[in-house]
Amino acid sequence: MSGKNAADQIKALLFDVFGTVVDWRGGIFREATAFGARNGIDRDWQAFADDWRGLYQPAMEQVRAGNRGFVRLDVLHRENLDQLFRKYEIAGISEEEADHLNRAWHRLRPWEDVLPGLNRLRRRYILGTLSNGNIALMVNMARNSGLPWDAVLGAEVTRSYKPMPETYLGSCEALGLRPDQCMLVAAHNGDLQAARDCGMLTAYVNRPYEYGPHQKVDFEATSDWEFIAEDMVELAEQMDCP
């Protein structure tokens, strides 16, 4: 389907959030560095941020594989943080400090192009999340940075984690829309393929620095997604959003 025809058919844009909308790596590094300064702890906080994110998929896979029931991402993040405290030999941290650091994910900031692009796109389309982040995390992040979501959808709403089909299909259903009336916007080709397999339309937004020097994939679009853009402002332009 051509971009013009797709734009006319679409009713809602649903967004991957971590990496696509917000800079998780820079945000977690900044928050972990502040945590260390408050507590007199000197560690490699960039490696700490990368390791925390590295535990993300394995933790969700336990849910996807049926080895445990659905739990919110906040819970998984905290379990993973406790693992990191042991790995980095960090002890004697108060519950208040640990909880504040765990909620660093709630305070992540968007890439510079995001707010201008989303505000343009919202003039024409419903905007929502389609994220593995839980509702409280997404709401707090939005209020902290002014992200203009009309709906918070994804994992907690569907009780499933991407790339399980029900995460995509249930999010579309929650809006009362068919999958082909919804488009996933993401910086990850695998996420987009899973959405396309469910009948959704797709838009790739390039984030080649998401993982810093450790990035190994997603330097460019690897398929014929309906839209391919360098940032959210370019996507808005392609979709004729003034």
Side-chain angles (χ1 to χ4, degrees), residues 1-22 60 64 70 73 110-111 113-135 137-139 141-142 147-207 218 221-242:
M1 181 181 297
S2 70
K4 178 63 168 65
N5 290 338
D8 291 340
Q9 176 178 321
I10 295 162
K11 302 297 184 185
L13 305 182
L14 301 180
F15 292 76
D16 171 69
V17 175
F18 299 118
T20 301
V21 173
V22 297
M60 290 187 297
R64 290 191 290 250
F70 181 83
L73 187 60
W111 302 102
D113 58 279
V114 166
L115 292 179
L118 292 190
N119 284 320
R120 288 174 61 174
L121 290 163
R122 191 168 183 258
R123 295 171 188 161
R124 183 173 180 185
Y125 302 103
I126 296 166
L127 302 188
T129 66
L130 206 172
S131 172
N132 286 324
N134 49 287
I135 294 170
L137 191 164
M138 290 290 114
V139 169
M141 182 191 292
L147 294 166
W149 306 130
D150 296 302
V152 173
L153 304 170
E156 190 171 5
V157 173
T158 63
R159 310 292 287 180
S160 63
Y161 282 116
K162 296 189 295 183
M164 297 177 75
E166 49 264 47
T167 317
Y168 304 92
L169 295 172
S171 295
C172 298
E173 183 181 8
L175 289 175
L177 297 173
R178 302 187 310 269
D180 66 348
Q181 294 176 306
C182 301
M183 184 167 77
L184 179 69
V185 182
H188 311 118
N189 288 282
D191 197 3
L192 292 171
Q193 186 60 56
R196 174 174 279 181
D197 290 345
C198 291
M200 296 179 69
L201 302 182
T202 52
Y204 175 86
V205 174
N206 199 26
R207 301 293 186 208
D218 296 321
T222 59
S223 190
D224 59 339
W225 313 121
E226 278 72 30
F227 294 92
I228 297 172
E230 284 301 309
D231 58 33
M232 295 294 181
V233 172
E234 183 178 326
L235 179 63
E237 291 170 354
Q238 290 181 15
M239 300 188 76
D240 294 327
C241 295

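Computed from heavy atoms alone, side chains included, the values below leave out hydrogens, waters and symmetry copies.
Sorted by first then second residue, the ring-ring contact (aromatic ring centres under 6.0 Å, His included) pairs that include residues 170-195, not counting sequence neighbours, number zero. Residue pairs meeting the ring-ring contact (aromatic ring centres under 6.0 Å, His included) criterion with at least one member in residues 156-177, sequence neighbours excluded, are F70-Y161.
Considering only heavy atoms from C-beta on, R120 stays 4.5 Å or farther from Y125 through its side chain. Using a 4.5 Å heavy-atom cutoff, the side chains of P179 and L169 are in contact. Side-chain contact between P163 and R64 is present, with heavy atoms from C-beta onward closer than 4.5 Å. Between D197 and P165 there is no side-chain heavy-atom pair separated by less than 4.5 Å. Put simply, the side chain of M138 does not reach to within 4.5 Å of the side chain of I135, judged on heavy atoms. A 4.5 Å side-chain heavy-atom check between R124 and D240 finds at least one atom pair inside the cut-off. Contact check for M232 versus V21: side-chain heavy atoms found under the 4.5 Å cut-off. Within the 4.5 Å cutoff, the side chain of R122 has no heavy atoms near those of the L118 side chain.
Rounded to the nearest 0.5 angstrom, M200 CE and M183 CE are separated by 9.0 Å. Atoms OG and CG, from S131 and D16 in turn, are 6.5 Å apart once rounded to the nearest 0.5 Å. Note that OG1 of T167 and CG of L184 are 11.0 Å apart. Values are rounded to the nearest 0.5 Å.
Tested against R207 for a salt bridge (Lys or Arg N to Asp or Glu O under 4.0 Å), the candidates D113, D231, D218, D191 yield a single pass: D113.
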